[in-house]
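Presented below is the structure to which this report refers.
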Amino acid sequence: HNPSPDSALGSGRDWIRNVLSHEMTHIITSNFGSGFTYFLRSVFGNNPAFYPIGYMPSWMIEGMATYAESQLNEGGRLNTPDYPQMLKQIAAAGKLPHWTDIWGDTTAWPGPTSPYMYGGAFFDFLARQYGKEKVREFMKTFARYPLPLAVTKKSGPIVLTAHHRFKMVFDKGLSA
């Protein structure tokens, strides 16, 4: 069914292309893994624990797909006037949430659109600031570890949160 014209998808010219590129991005990134991850999947099956991208916060998962749809299509949500205008108004009002505030539930404004809008803008910023290769590298850091743990020489095992993985790639924390 066609989405309603006043929805985020319905306002675009080629909504079906946007939906397909968005969902294909989820399929591709969800299947990222390392040799060890693929080995574990072959032994234990499709256990969600062996799909490391699932450890990403939802705003990053949806943000990556929104960023990709906008790179692949003129009508991607980051390319329409809606998202940039909403972000501009939210920033001007001083109401941009801290990244930890959009971890799970949607924010009060813009509601269910928040993981797509904030996450998409985040990945767009990273690509413009550091290059698309760094965005790809960031996604691959999630794929390298079948569980959100790593062993360091100095401190032993640590839990690899999104913040830690971000720091591994960009040499600074998410707050920066």
Side-chain angles (χ1 to χ4, degrees), residues 8-9 17-42 44-79 83-84 87 96-107 112-152 157-176:
L9 283 175
R17 188 179 303 252
N18 289 338
V19 169
L20 291 174
S21 57
H22 182 97
E23 298 307 327
M24 280 304 286
T25 300
H26 283 313
I27 291 168
I28 292 166
T29 59
S30 293
N31 281 301
F32 276 178
S34 63
F36 187 56
T37 305
Y38 296 134
F39 168 74
L40 290 173
R41 289 179 197 170
S42 72
F44 297 106
N46 289 328
N47 186 316
F50 306 131
Y51 289 84
I53 298 297
Y55 297 111
M56 264 187 167
S58 62
W59 66 270
M60 284 187 180
I61 293 170
E62 293 303 341
M64 173 49 74
T66 303
Y67 168 73
E69 86 186 29
S70 300
Q71 290 296 300
L72 296 168
N73 305 297
E74 272 184 40
R77 284 177 269 194
L78 295 177
N79 301 329
Y83 276 28
L87 274 171
L96 279 174
H98 188 268
W99 67 271
T100 57
D101 295 332
I102 55 174
W103 179 271
D105 295 333
T106 58
T107 58
T113 302
S114 58
Y116 304 91
M117 185 173 69
Y118 295 133
F122 173 75
F123 280 106
D124 187 51
F125 166 79
L126 291 178
R128 283 186 283 108
Q129 187 77 17
Y130 301 101
K132 292 177 184 178
E133 313 78 42
K134 280 290 202 183
V135 172
R136 189 177 5 245
E137 185 182 338
F138 178 60
M139 296 299 287
K140 285 182 178 181
T141 62
F142 275 85
R144 276 189 208 122
Y145 305 99
L147 297 172
L149 298 173
V151 177
T152 61
I158 61 167
V159 175
L160 285 177
T161 63
H163 175 77
H164 289 106
R165 294 177 200 229
F166 188 83
K167 201 169 191 173
M168 290 168 72
V169 175
F170 295 100
D171 297 324
K172 56 180 81 172
L174 277 169
S175 297

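Just so it is clear, the model here is predicted, and its values are computed rather than measured. In this chain, residues are counted from 1 in sequence order.
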Given side-chain contact (heavy atoms from CB on, under 4.5 Å), test His26 with Met64 step by step and report yes or no. CA-CA 8 Å; His26 283 313; Met64 173 49 74; over 6 Å; no
Can a donor-acceptor pair be found, under 3.5 Å and without considering hydrogens, that links the side chain of Tyr55 to the backbone of Ala49? yes
Just by distance, with hydrogens left out, do Ser70 and Asn79 show a side-chain donor and acceptor under 3.5 Å apart? no
Would you say the side-chain atoms of Asn73 pair up with the backbone N or O of Gly75, donor to acceptor, closer than 3.5 Å? no
Heavy-atom count check: over 12 atoms from other residues, nucleotides or ligands less than 6.0 Å from Arg17 CZ? no
Backbone N or O of Phe50 within a donor-acceptor pair of the Arg41 side chain at under 3.5 Å? yes
Between Ala162 and Pro57, the two heavy atoms sitting closest are CB-CD, 3.8 Å
Set of residues satisfying ring pair (Phe, Tyr, Trp, His ring centres under 6.0 Å) with respect to Tyr116, sequence neighbours excluded: His22
With sequence neighbours left out, what residues match Tyr130 under ring pair (Phe, Tyr, Trp, His ring centres under 6.0 Å)? Phe170
Could you check if a side-chain atom of Asn18 sits within less than 4.5 angstrom of a side-chain atom of Leu72, using non-hydrogen atoms only? no
Any pair with a residue in residues 121-131 that passes salt bridge (Lys or Arg N to Asp or Glu O under 4.0 Å), sequence neighbours left out, goes on the list, sorted by first then second residue, please. Asp124-Arg128
Axial cation check for Phe142 ring with Arg165, 6.0 Å and 45° limits: yes
Should the ring pair Phe138 and Phe166 be called parallel, tilted or perpendicular, given that the plane angle runs from 0 to 90° and is split at 30 and 60? perpendicular
Residues in salt bridge (charged side-chain N to carboxylate O under 4.0 Å, His left out) with Glu137, at least two apart? Lys134
Starting from the C-alpha separation in whole Å, work towards a yes-or-no answer on side-chain contact (heavy atoms from CB on, under 4.5 Å) for Tyr67 and Phe122. CA-CA 9 Å; Tyr67 168 73; Phe122 173 75; over 6 Å; no
Taking the side chain as C-beta and beyond, is there a heavy-atom pair between Pro97 and Tyr118 under 4.5 Å? yes
Provide the full list of salt bridge (Lys or Arg N to Asp or Glu O under 4.0 Å) pairs with a residue in residues 50-65, sequence neighbours left out, each pair given once. none
Kindly say whether Arg77 contributes a backbone atom to a donor-acceptor pair with the side chain of Glu69 at under 3.5 angstrom? yes
Set of side-chain hydrogen bond (donor to acceptor under 3.5 Å, both in side chains) partners for Asn46, sequence neighbours left out: Tyr51
Residues Leu87 and Ala121: closest non-hydrogen pair is CD1-CB, 3.4 Å
Test Met60 against Phe123 for side-chain contact (heavy atoms from CB on, under 4.5 Å), laying out the working first. CA-CA 8 Å; Met60 284 187 180; Phe123 280 106; 4.1 Å; yes
Output the distance between atom CZ (Arg144) and atom CZ (Phe32), rounded to the nearest 0.5 Å. 11.5 Å
Is the closest side-chain heavy-atom distance between Thr37 and Pro52 below 4.5 Å? yes
Rounded to the nearest 0.5 angstrom, the OG-CD1 distance for Ser21 and Ile28 is 10.0 Å
Apply the test side-chain contact (heavy atoms from CB on, under 4.5 Å) to residues Ile53 and Met139: give CA-CA distance (whole Å), side-chain angles for both, the deciding distance (0.1 Å), then the verdict. CA-CA 8 Å; Ile53 298 297; Met139 296 299 287; 4.1 Å; yes
